[in-house]
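Inspection log for the structure reproduced underneath, given as structure tokens.
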Amino acid sequence: MNQSSLSVSSENSNSSQLLVSTILSDISRKHNLDLSQDPVTLERIREAVEKARLELDLNPQVEINLPYISANSSGPIHYRKVITRDDFGSHESESAGSFDQLEEQEEIEQQPRPSVQIKLPDRKPLVTYSLMVITVILYLLQLLTDFLVGYDIPAGFGLKVNELIMAGQYWRLVTPMLLHGSVLHIGFNMYALYILGRRVERFFGSFRFLGLYLIAGISGNIFSFFFTPAPSLGSSTAIFGLLGAEAVFIYHHRKLFGEQSRVALRQIIQVAAVNIVIGLSPGIDNWGHIGGLIGGAIFTWFTGPLLKVQGSPPLLHLEDQREDRAVGIGFAIQLITMIGLISLIINFKG
């Protein structure tokens, strides 16, 4: 009795693994994506296969449905397959009705099936565009005042200058992220904001994105204030924060994005590393970049969106599990923490 049970279990295991391999091969062939090293994806496929094997005891055929099994550059990947007992290597295929079942399965598989869709957030990047407009207007004002009176008035009132911050001009920990020193400087930063900002704001929403931008920019200026005496300005502190935020967001949703999350994280780390190396050049406030990167990452870790797939096929959507109240509390705590940190630094330097 025990030997018989063990034998059946082994056969079921082997046939199930064969079907898992078939599914992985299908995905690899259709989407050029190898998921065999992704433990989360493998577990989902194995569970679906085992469930299908049990359902075949009561039904001649069942459907394996794996919505959002992974994603590639074209978007989410969904997998559906109609199977019969033959897919598990059953010898019942020699029975009289086996050919009829195979023909019926082929007809079903050839029929068009409704596509599974996941509705992604569709928010307009209003804050990103607003920040770009405000920053450009301020830079034009910098050029205009320098041309008319020979003095850059906005920079004079908003530049990060340690001695003036020590004297009580604390707004200089905020205003530098809206000022720039040259056309090349603002051009590079606005291009980065345009690329990163639209991507991040789409998932974060306008208010949370604005909070992220402020926290990251202030964090960068605090690092600069503590570690370097040189005056500085530029929105790169906040933009590095967007880079850190995107990295944490992808890491938190690595199961959702599948194999693409590894590629995206590797690219973000490479971009950050290259820019920090470039920041070692004279005249670049690298401490501001590092502070912004850390500030954006911390903000997202505790306050960023936590998305989960909701709904039922064929229409699915992503829903944020972090409540607005939690976001507001998280932002307030981080802001208060930074104010306390500024006070400690001023006392330390004083």
Could you report the tightest heavy-atom contact between [X] and [Y], atom names first, then the distance?
| X | Y | result |
| --- | --- | --- |
| Leu242 | Leu212 | CD2-CD2, 3.6 Å |
| Ile278 | Ile284 | O-CD1, 3.6 Å |
| Pro154 | Thr145 | CD-OG1, 3.5 Å |
| Ser235 | Tyr213 | CB-OH, 3.5 Å |
| Val183 | Ile186 | O-CG2, 3.3 Å |
| Ala216 | Gly296 | CB-N, 4.1 Å |

Is Arg44 paired with Glu47 through a side-chain N to carboxylate O contact shorter than 4.0 Å? no
Can you tell whether the side chains of Lys81 and Glu63 come within less than 4.0 Å, N to carboxylate O? no
Holding to side-chain hydrogen bond (donor to acceptor under 3.5 Å, both in side chains), I want the full list of residues that pass it with [X], two or more places apart in sequence or in another chain.
| X | value |
| --- | --- |
| Arg202 | none |
| Arg46 | none |
| Asn275 | none |
| Asp26 | Arg29, Tyr79 |

Sidechain-backbone polar pair: [X] side chain, [Y] backbone, donor-acceptor under 3.5 Å:
| X | Y | value |
| --- | --- | --- |
| Arg208 | Phe204 | yes |
| His78 | Leu66 | no |
| Ser28 | Leu24 | no |
| Asp320 | Arg322 | yes |
| Ser182 | His185 | yes |
| Asp152 | Ala155 | yes |

Can you measure from OG1 (Thr337) to CD1 (Ile215) and round to the nearest 0.5 angstrom? 9.0 Å
Inter-residue atom distance Ile64.CD1 - Arg53.CZ, 0.5 Å rounding: 11.5 Å
Would you please classify the geometry between the Tyr139 ring and the His180 ring as parallel, tilted or perpendicular, with 30° and 60° separating the classes? perpendicular
Partners passing ring-ring contact (aromatic ring centres under 6.0 Å, His included) against Phe299 (at least two apart in sequence or in another chain): none
Criterion side chain to side chain contact (heavy atoms under 4.5 Å, CB included) on Phe348 and Phe226, from CA distance to verdict: CA-CA 10 Å; Phe348 175 81; Phe226 184 77; 3.8 Å; yes
Step through the shown structure and confirm whether more than 12 heavy atoms of other residues, nucleotides or ligands are within 6.0 Å of [atom1] on [X].
| X | atom1 | result |
| --- | --- | --- |
| Gln321 | CD | yes |
| Lys349 | NZ | yes |
| Tyr129 | OH | yes |
| Phe227 | CZ | yes |

Test side chain to side chain contact (heavy atoms under 4.5 Å, CB included) on Val127 and Leu131; report intermediate values, then the result. CA-CA 6 Å; Val127 173; Leu131 287 169; 3.8 Å; yes
Which donor-acceptor pairs under 3.5 Å do the side chains of residues 156-170 make with protein atoms, sequence neighbours left out?
| unit_1 | atom_1 | unit_2 | atom_2 | d |
| --- | --- | --- | --- | --- |
| Lys160 | NZ | Asn162 | OD1 | 3.2 |
| Lys160 | NZ | Ser224 | O | 3.3 |
| Lys160 | NZ | Ser224 | OG | 2.8 |
| Lys160 | NZ | Thr228 | O | 3.3 |
| Lys160 | NZ | Ala230 | O | 2.9 |
| Asn162 | ND2 | Phe225 | O | 3.2 |
| Asn162 | ND2 | Thr228 | O | 3.0 |
| Gln169 | OE1 | Arg172 | NE | 2.5 |
| Gln169 | OE1 | Arg172 | NH2 | 3.0 |

Cation over ring face, Arg198 and Tyr194, 6.0 Å, 45°: yes
Pairing donors with acceptors under 3.5 angstrom, does anything connect the side chains of Thr128 and Glu201? yes
Are any of the side-chain heavy atoms of Ile195 and Met190 separated by less than 4.5 Å? no
